[in-house]
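Atoms considered below: every heavy atom in the structure, side chains included; atoms not considered: hydrogens, waters and symmetry mates. Note on naming: letters A, B, ... go to the chains in the order of the sequence lines (proteins, then strands), and numbering restarts at 1 for each one.
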Number of protein chains: 2
Amino acid sequence: MGVIETTKSRVQRTEKAVELPLELPVGKILDGDCVEAMRSIPTASVDLVFADPPYNLQLGGDLNRPDGSHVDAVTDDWDKFDTFKAYDDFTRAWLTEAKRILKPDGALWVIGSYHNIYRVGAILQDLGFWILNDIVWRKSNPMPNFRGTRFTNAHETLLWCSQGEKAKYHFNYRAMKTLNDELQMRSDWVLPICNGAERLKEGGHKVHPTQKPESLLYRVLLSTTEKGDVVLDPFFGTGTTGAVAKRLGRQWIGCEREGVYRNAALKRIEKELPLDESALTTMQAGRSAPKVAFGALVENGYLKPGTELFDKKRRWRATVRADGSLACGKQTGSIHGLGKELQGAPSCNGWTFWHYEVDGADGKDVQPIDAARQLYLLAVED
Amino acid sequence: MGVIETTKSRVQRTEKAVELPLELPVGKILDGDCVEAMRSIPTASVDLVFADPPYNLQLGGDLNRPDGSHVDAVTDDWDKFDTFKAYDDFTRAWLTEAKRILKPDGALWVIGSYHNIYRVGAILQDLGFWILNDIVWRKSNPMPNFRGTRFTNAHETLLWCSQGEKAKYHFNYRAMKTLNDELQMRSDWVLPICNGAERLKEGGHKVHPTQKPESLLYRVLLSTTEKGDVVLDPFFGTGTTGAVAKRLGRQWIGCEREGVYRNAALKRIEKELPLDESALTTMQAGRSAPKVAFGALVENGYLKPGTELFDKKRRWRATVRADGSLACGKQTGSIHGLGKELQGAPSCNGWTFWHYEVDGADGKDVQPIDAARQLYLLAVED
DNA sequence: GGAGCAGTTGAATCGGTCC
DNA sequence: AGGACCGATTCAACTGCTC
């Protein structure tokens, strides 16, 4: 059992990742059943498995809103399991393969709802996986319970597991703390559901019924992988895992048997641009602790890593990095800390000090980053 | 599958509760192993089982805070199980008895953490229980992760289940919505851990290592039981379930094998006073929707149900009810709505209109209920 | 008498490396 | 396998004391 977050071990891991990928179908979506597909992957070759398996939702008839409109629920054939037994067998099969292909210090993430997560959790414990945390994705904008018969189902659950009780695992503690305004990241994550421009649509209809938000994958990959790591998603769907992995400089492998999803995913990932080196560098353990407050804006795309920030009189410039820290030459720190250092001031409110360019009505507008924070608050507030 | 929340069914339930209790050890704590104790309870006789079983924590060595102080962990014998198999057998045994003693339209609540809840959830599904919601108790003040090795473990999980997929169950939708400021109650509940005066202590030491907050039981019992219902807690501990049940006019039965806990629970429940009829009446489904904003204050004990409120000139009086609504004779409503109706005014800010008496330095002080809100905000804000 | 500071504590599966 | 040594690591709420 342990945590690796030293420079030395990180370098070792990168070297390993450079040795192996020739055998690995990195950047590809394997066609067919995920268990079969995973059998083609070498043992102990993957750093992370992220899985969003079918939820085994047992919806009776159709579901209508109070106004009579129809809810586009999950009724696809791939989500039908006759009994718990069938679902358990399926779950045991893919978890067994996942365990085999993971490196000894690799990790597994699974997301699910109350319909399936208790079965998945018990089975992965039976297989020897060791739960490190269960994470609650608290949806800031869940679907209401239209009938008023239960509590609003406003969250989903993720399980984060190592290979076993004594196995090592990787956790970017400092990056998570930076992302959370210098407080430890908790086991409950408040994130909006996948909506708006991020949601893949074809002819007005959503391509996939359960597309996950990129902010969720962003946090998963940033917290438990390093640059260059190989991430496998056995239920790739429309490729959220692949898109975020590419953006964050991780290698990815997908398994998906539906051609429609595979095509949508490939198109989507094609468009994705990897962040550059400077933006990807995150805060490390052991360095002088920076104060950063706006990681959530970066995570949710309000400010992209790599964005140039500057003060109102453009005397200083800095680059936004993936974990919400800033870089200015060799100097790095939080929006507050770096602003303070550059000015040689006793303190600095980064929210009003740093500005960025926005596409406005005529040309570029300059706004303080606090404007982005306000937008984010409006979107997330409930 | 269904919900009972009509006046008719509620009356029927009350009649049933009056027929049976002569056989039931209501208001008693049964000594000994909970499975044995439950065997003495008649089949289909209990309305609700609330269970807080051992979590099977499997802790390793000692843990110290960064300042060097020692963390007082759960090391009691009752939390020790050698294997998952042993824990599963234990879980299946008590859940089987719980299922037998529950009425056909009764419900089960279980609370747990990631160490045990996936096993409990899978087993109760195997036994035929039907999960209605999983509820996340988000702790406003969890213990940090001192070593910086994982995400802060900031929540626990509750499962709410009916007897089966087609079984009826009870859900006080309107009371929950009232309690949540006229928004549907969600599956994530933000509540502080049990602390301060509520925490039972003996000689400066906590009596029970895992005492649950009364606000948690308050919400469980208010949402899924009716006045007069019989609630059984197979892991009674220091009697939080019994204390809140008595306060809310529910009947209770406990099972507890530790004499120290039984004695502490009996003393505690003895002191508890049941709320009177008016305070217990909650908002019913189908009535005109009231606007209420201070349910959280009631739930957290800042204003007890039954408290008398009055305007500054004491022209009108009203009683606080369990779900945060007010009653004045036959008139009921929210703090704003009732104030408006009584005055015949176009609107009324209940926060400043209604006052209550507080024990002050010399005799009684009179304060607006907004003062209680301020206290609550100070305590909860994050 | 209130503000402020120091001290305490809570269901926690809480190192890594070298010899 | 075990011991020595190095080094990194905490948030919110309550209690009690001083000033």
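- Relative to the side chain of I193(B), the nucleotides dC14(C), dA12(D), dA11(C) differ in distance, and dA11(C) lies closest.
- Within the 4.0 angstrom heavy-atom criterion, base atoms lie near G61(B).
- Atom C1' of nucleotide dA12(D) and atom CZ of R138(B) are separated by 15 Å, given to the nearest angstrom.
- W78(B) and H208(B) have their aromatic ring centers within a separation under 6.0 angstrom.
- For L59(B), the side-chain atoms get nearest to dA12(C) when compared with the rest of dT9(C), dA11(C), dA12(C).
- Counting any heavy atom pair closer than 4.0 Å across all strands shown, K201(B) reaches no nucleic acid atom.
- For the pair K206(B) and F129(A), both in contact range of DNA chain C, the more 5′-proximal nearest nucleotide belongs to K206(B).
- Comparing N145(B) and G196(B), the nucleotide of DNA chain D nearest to each residue sits closer to the 5' end for N145(B).
- Between the P atom of dT10(D) and the CZ atom of R186(A) lies a distance of 16 Å, rounded to the nearest Å.
- Among the heavy atoms of the strands lying under 4.0 Å from E156(B) is at least one base atom, whether or not backbone atoms are also near.
- Here dG10(C) presents its C1' atom at 13 Å from OH of Y55(B), a figure rounded to the nearest Å.
- Counted within 6.0 Å of CZ on R257(B), heavy atoms from surrounding residues, nucleotides or ligands total 12 or fewer; the atom is thus considered open.
- Donor-acceptor pairing under 3.5 Å is recorded for the side chains of Q184(A) and T152(B).
- The aromatic ring centroids of W160(A) and F171(A) lie less than 6.0 Å from each other.
- At the heavy-atom level, I131(A) lies under 4.0 Å from base atoms of the strands shown.
- Across every strand in view, dA11(C) sits unpaired, with no contact that passes the Watson-Crick or G-U test at under 3.5 angstrom.
- Distance CZ (F151(B)) to P (dA12(C)): 18 Å, rounded to an integer number of Å.
- Counting non-hydrogen atoms under 4.0 angstrom, P213(B) reaches nothing in the nucleic acid.
- Nucleotide dC5(D) forms a pair with dG16(C), judged by Watson-Crick or G-U wobble geometry with both contacts under 3.5 Å.
- You'll find that the side chain of N141(B) is closest to dA12(D), out of dA11(C), dA12(D), dA8(D).
- The phosphate of dG10(C) has neither OP1 nor OP2 within less than 4.0 Å of any side-chain N or O from K139(B).
- Ring-centre distance between F81(B) and F90(B): below the 6.0 Å cut-off.
- Atom-to-atom, CH2 of W160(A) to C1' of dA12(C) comes out at 14 Å; the value is rounded to the nearest Å.
- Contacts of T210(B) with the nucleic acid, taken as non-hydrogen atoms under 4.0 Å apart, include base atoms.
- Heavy atoms of N153(B) sit under 4.0 angstrom from primed sugar atoms or phosphate atoms, though from no base atom.
- Taking the six-membered ring for Trp and thresholds of 30 and 60 degrees, W189(A) and W109(A) have ring planes inclined between 30 and 60 degrees apart.
- Distance, D188(A) CG to dC11(D) P: 14 Å, rounded to whole Å.
- Between Y169(A) and dC14(C), a side-chain N or O to OP1/OP2 separation shorter than 4.0 Å is absent.
- Put simply, CG on D79(B) is 13 Å from P on dA11(C), counting in whole angstrom units.
- Taking atom P in both dT9(D) and dT17(C), the straight-line distance is 16 Å, to the nearest Å.
- Across dA8(D) and dA11(C), the matching P atoms stand 30 Å from one another, rounded to whole Å.
- Comparing the same atom, C1', in dG1(C) and in dG16(D) gives a spacing of 16 Å after rounding to whole Å.
- Counting any heavy atom pair closer than 4.0 Å across all strands shown, D52(B) reaches a base atom.
- Nucleotides dC14(C) and dC5(D), compared at atom P, are 25 Å apart to the nearest Å.
- Phosphate proximity of dT10(D) to R65(B): absent, as no side-chain N or O sits under 4.0 Å from OP1 or OP2.
- Partner assigned to dT10(D) is none, using Watson-Crick or G-U wobble distances below 3.5 angstrom.
- Within a 6.0 Å sphere centred on NE2 of H70(B), other residues, nucleotides and ligands contribute more than 12 heavy atoms.
- Distance NZ (K168(A)) to C1' (dC14(C)): 15 Å, rounded to an integer number of Å.
- Looking at heavy-atom distances under 4.0 Å, N64(B) makes no contact with the nucleic acid at all.
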